[in-house]
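Heads up: the structure comes next, in structure tokens.
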Amino acid sequence: AEPLDFYPGINALTLLLQQDGPEAEAEIRRLTPLVTYAALRRGGDKSADYWTVATVLELACLQRDDALARRCLPRAVMLARQAGEAWMMKTTRDNLLLVARRRDAADAQPVNDIIAALNQALASS
């Protein structure tokens, strides 16, 4: 309903990642640029809002933009720690597990590295 609100879009993508089949893949390809646009309009990886940065991180992993994902990670961890809300990182980690599951083993390594970093941040929180 509101094209600049990334929240429903990233939730739709998360649900689609749990489905198999060409219809889900087509919908992921259709929605990803729209959700990316909405998140970037809200400040993208430079936002002061955890969920905006986490959304860009998830989208970067989904689109195989590993450089952007690595840039988002420290800011996401910092924002979650500032908020004192470790559960936020856990939610992001769980969503990234869905992304990694859709990639083959070699292709999933960058996402798995980010998941490992989030696990480390969670352990020290």
Side-chain angles (χ1 to χ4, degrees):
E2 172 53 53
L4 296 182
D5 187 2
F6 63 83
Y7 187 72
I10 195 64
N11 285 340
L13 288 169
T14 300
L15 291 171
L16 287 164
L17 286 170
Q18 297 177 60
Q19 298 178 10
D20 289 322
E23 297 87 12
E25 289 298 325
E27 192 67 1
I28 289 169
R29 282 191 305 277
R30 186 184 77 77
L31 287 178
T32 300
L34 301 171
V35 179
T36 300
Y37 175 77
L40 293 177
R41 294 276 304 181
R42 296 281 180 103
D45 62 322
K46 294 174 181 46
S47 175
D49 173 65
Y50 174 82
W51 293 113
T52 303
V53 176
T55 296
V56 174
L57 171 61
E58 291 176 31
L59 289 165
C61 289
L62 186 60
Q63 296 176 86
R64 293 172 168 76
D65 187 343
D66 301 325
L68 176 58
R70 284 191 302 276
R71 283 197 315 271
C72 290
L73 179 63
R75 184 160 187 83
V77 170
M78 177 202 62
L79 290 168
R81 285 184 172 156
Q82 283 178 347
E85 301 290 348
W87 66 268
M88 294 157 68
M89 289 187 286
K90 182 182 180 309
T91 299
T92 301
R93 185 219 37 216
D94 292 348
N95 290 347
L96 292 176
L97 287 167
L98 296 172
V99 173
R101 196 179 67 187
R102 294 183 80 83
R103 293 185 178 193
D104 63 43
D107 191 35
Q109 192 57 51
V111 179
N112 287 330
D113 291 344
I114 289 170
I115 291 167
L118 285 170
N119 282 334
Q120 186 176 24
L122 284 164
S124 67
S125 290

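Keep in mind that the numbers below use all heavy atoms, side chains included, and drop hydrogens, waters and symmetry copies. What you see is a predicted model; the values in this text were computed from it and never measured.
- Cluster partners of Val56 are Leu68, counting Ile, Leu, Val, Met, Phe, Trp and Tyr whose side-chain heavy atoms approach within less than 4.5 Å, directly or via other members.
- In summary, the side chains of Gln63 and Thr32 do not present any donor paired with an acceptor at a separation below 3.5 Å, with no hydrogens or angles considered.
- By the 4.0 Å N-to-carboxylate-O rule, Asp94 lies close enough to Lys90 to be salt-bridged with it.
- In this structure, OG in Ser125 is found 11.0 Å from CD in Glu85, a value given to the nearest 0.5 Å.
- A distance of 14.5 Å separates CE in Met89 from CD1 in Ile115, rounded to the nearest 0.5 Å.
- Leu57 and Tyr37 are assigned to two separate hydrophobic clusters, defined by single-linkage of ILVMFWY side chains at heavy-atom distances under 4.5 Å.
- In the hydrophobic clustering of ILVMFWY residues, with side-chain heavy atoms under 4.5 Å counting as a link, Leu98 and Phe6 come out together.
- Within a 6.0 Å radius of CD in Gln120, no more than 12 heavy atoms belonging to other residues, nucleotides or ligands are found.
- Of the inter-residue distances, the one linking Asp65 atom CG with Arg70 atom CZ reads 9.0 Å to the nearest 0.5 angstrom.
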Is there a side-chain contact (heavy atoms from CB on, under 4.5 Å) between Arg101 and Leu97 once you walk through the steps?
-> CA-CA 6 Å; Arg101 196 179 67 187; Leu97 287 167; over 6 Å; no
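- Annotation for Trp51 and Met88: closest pair CZ2-CG, 3.5 Å, computed over non-hydrogen atoms.
- Side-chain contact between Leu17 and Leu62 is present, with at least one heavy-atom pair separated by less than 4.5 Å.
- Nearest heavy atoms, Thr92 versus Tyr50: OG1-OH, 2.6 Å.
- When the side chains of ILVMFWY residues are joined at heavy-atom separations under 4.5 Å, either directly or via intervening members, Leu59 and Leu15 end up in two distinct hydrophobic clusters.
- Closest approach of Ile114 to Cys61, counting heavy atoms only: CD1-SG, 3.9 Å.
- By the rule that hydrophobic residues join a cluster once side-chain heavy atoms approach within less than 4.5 Å of another member, Leu118 and Trp87 end up as members of one cluster.
- Smallest separation of non-hydrogen atoms from Ala39 and Thr55: CB-CG2, 4.1 Å.
- Of the N and O atoms on the side chains of Ser124 and Arg81, at least one donor lies less than 3.5 Å from an acceptor on the other residue.
- By the 4.5 Å heavy-atom criterion applied to side chains, Val99 and Glu58 are not counted as neighbours.
- When every heavy atom of Asp5 is checked against every heavy atom of Arg42, the shortest pair comes out as CA-NH2, 4.0 Å.
- The pair Arg75-Asp45 does not meet the salt-bridge criterion, since no charged nitrogen lies less than 4.0 angstrom from a carboxylate oxygen.
- Within the model, atoms CD1 of Ile10 and CG of Asn95 stand 7.0 Å from one another, a figure rounded to the nearest 0.5 Å.
- In this structure, Val111 is a member of the same hydrophobic cluster as Ile28, with clusters built from ILVMFWY side-chain heavy atoms closer than 4.5 Å.
- Nearest heavy atom pair, residue Ala12 against residue Leu31, reads CB-CD1, 4.0 Å.
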